[in-house]
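Residue numbers begin at 1 in each chain, while the letters A, B, ... track the order of the sequences.
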Number of protein chains: 2
Amino acid sequence: MKTMKKERLSEMAAKEIKAYMKERHLKEGDKLPPVSELMETLGIGRSTLREALQLLESRGALQVLNGKGTFVKDIKPFHIQTSIEIDNKKDFLLEALEVRKALEGKAVDLAVVHASDTEVNRMQTHLNRYVEALKNNEREKANAADADFHQTIYQATKNELLKSIIDSVWDSFYEFWNEPFGVEDIFDTSYPYHETLLQAIKERDSEKAAAAFQQIMESVRSSIENI
Amino acid sequence: MKTMKKERLSEMAAKEIKAYMKERHLKEGDKLPPVSELMETLGIGRSTLREALQLLESRGALQVLNGKGTFVKDIKPFHIQTSIEIDNKKDFLLEALEVRKALEGKAVDLAVVHASDTEVNRMQTHLNRYVEALKNNEREKANAADADFHQTIYQATKNELLKSIIDSVWDSFYEFWNEPFGVEDIFDTSYPYHETLLQAIKERDSEKAAAAFQQIMESVRSSIENI
DNA sequence: TCTAGCCTTTCATACAGCATGATAGTATGA
DNA sequence: TCATACTATCATGCTGTATGAAAGGCTAGA
């Protein structure tokens with residue numbers, strides 16, 4: 001005899017809901033039926049259903065908003081939860097920097113190999129936006145463009161796990177980094193290497209890319225040191 | 001006025017429970033008070049409490065067993081969830097391998113610099129256990145010793161964030177890897193490089209260490225390819 | 001003396017009903 | 001015209017009740 005059912009009802013319901021989403025090809029932002037309805041169609045009680053929904057929410061697959069409804073958020077294969085407690089900001093940032101070096105260095109390496117032409121073009125676009133914003137002294141825009149630039153690189157690795165981990169390390173990194181530097185500094189110390197990096201990716205030159213990336217990280221390091 | 005409470009009650013409760021665990025220095029395997037009791041001490045309803053517990057469970061911090069109680073499982077700051085079934089095991093393992101190369105490569109690099117004498121000795125001990133187990137054809141013991149060996153290296157980096165990320169990547173890696181190879185293969189292809197790696201750490205030779213580590217990863221790669 | 005069967009205790013699991021609160025759209029009235 | 005009040009829709013949260021799983025203890029029959 002096979003192992004009998006032992007799984008919790010809420011987990012079964014979660015799978016059911018996921019199957020439902022897949023079946024109806026629900027995309028990000030789409031709305032799920034209200035709880036009362038799901039309750040009936042799945043034939044389970046409300047608290048059980050809520051547990052199932054919460055399970056999916058904690059995995060980042062759903063987002064449930066009070067008074068509005070339940071919405072599809074994400075269908076990524078990985079979800080990373082962090083609960084990092086830090087006592088020393090600077091130490092944490094330095095630790096995180098080492099991790100970023102490893103992870104993003106690998107990403108650059110993979111991007112050199114796997115980036116498609118479209119992706120390279122997209123990087124160029126973001127980099128142009130970046131330099132434009134720096135020239136106009138628009139800090140917010142510059143940061144956004146920079147993030148997009150890096151995102152595109154990580155996308156180009158074609159490695160979902162790597163990308164997910166980098167994303168969450170970024171999140172915790174920037175949570176504790178209130179960018180202590182002025183635009184001019186970035187323009188001088190960091191921007192030129194971005195340009196070199198992109199060039200290297202275009203030329204599929206992994207050594208050049210690695211060197212440029214190390215320079216970027218070095219400028220971040222000195223920013224941290226000067227906190 | 002400050003931002004009023006917007007957080008969900010269940011999340012607040014989850015934090016409260018976590019604080020409770022920390023406060024009482026609960027270790028892995030310890031038992032939490034039963035729901036009925038927690039319900040009262042936290043002053044919340046049962047369904048809310050259940051949601052809080054489930055939240056912690058989905059993070060891997062707790063394990064709740066029907067008819068027995070709620071138990072502390074783990075207090076890791078970094079947790080990777082693989083949301084659905086991975087459709088292609090091999091692809092996932094290859095992706096994870098790239099991440100491991102980046103992360104653990106960095107760890108080896110840091111360990112060469114920061115490992116204390118005690119840590120180096122500990123590595124040696126674990127490695128001895130490892131080879132012993134291999135000789136006696138004891139698969140289980142060999143794996144445990146191997147894990148301990150690597151753990152000690154990551155410990156020696158003195159980088160908590162790096163260590164916790166590596167830990168969770170390991171967890172998801174081994175969840176999908178049912179080690180398809182025999183002990184003899186390991187003895188030939190993988191073990192010698194472990195010895196070289198340790199030598200390199202002892203000699204504080206980062207290049208040699210990096211090379212040995214790459215060899216180990218290479219042997220893992222070919223194991224994966226042959227699945 | 002041993003042990004299978006039954007009870008009890010301790011817990012989690014699940015359901016149903018009810019009250020509250022958030023959000024958004026719509027109607028009302030000065 | 002525009003703010004205010006009403007209302008529908010949905011999630012949030014609490015409680016009473018009952019079901020079910022695990023473990024330990026008790027008792028009767030071999």
Whole-Å gap separating P (D:dT12) and CG (B:L49): 17 Å
Mind listing the residues from residues 13-22 of chain B sitting with a heavy atom below 4.0 Å of DNA chain D? Number order is fine. none
Any salt bridge linking B:E51 with A:R50? Criterion: basic side-chain nitrogen under 4.0 Å from a carboxylate oxygen. yes
Angle by which the axis turns from one end of the helix from C:dT1-D:dA30 to C:dA30-D:dT1 to the other, five pairs per end, to 10 degrees: 10°
Can you measure from CD1 (A:I153) to NE2 (A:H126) and round to the nearest 0.5 angstrom? 10.5 Å
Between the side chains of B:E119 and B:S116, does any donor sit under 3.5 Å from an acceptor? yes
For atom CD of A:E57 and atom P of D:dC10, their distance in whole Å: 18 Å
Partners of A:D148 by side chain to side chain donor-acceptor pair (under 3.5 Å), sequence neighbours excluded? A:R129
For B:H79, enumerate each residue passing the ring-ring contact (aromatic ring centres under 6.0 Å, His included) test, keeping only those at least two apart in sequence or located in another chain. none
Let me know the distance between CZ of B:F71 and C1' of D:dA22, rounded to the nearest Å. 10 Å
Any residue meeting ring-ring contact (aromatic ring centres under 6.0 Å, His included) with A:H150, in chain and number order, not counting sequence neighbours: A:W170, A:H194
According to a strict under-4.0 Å criterion, is B:R50 in side-chain N/O contact with OP1 or OP2 of C:dT13? yes
Can you give me the N/O atom pairs linking the protein to nucleotides 7-11 of chain C at distances under 3.5 Å, or say none if there are none?
none

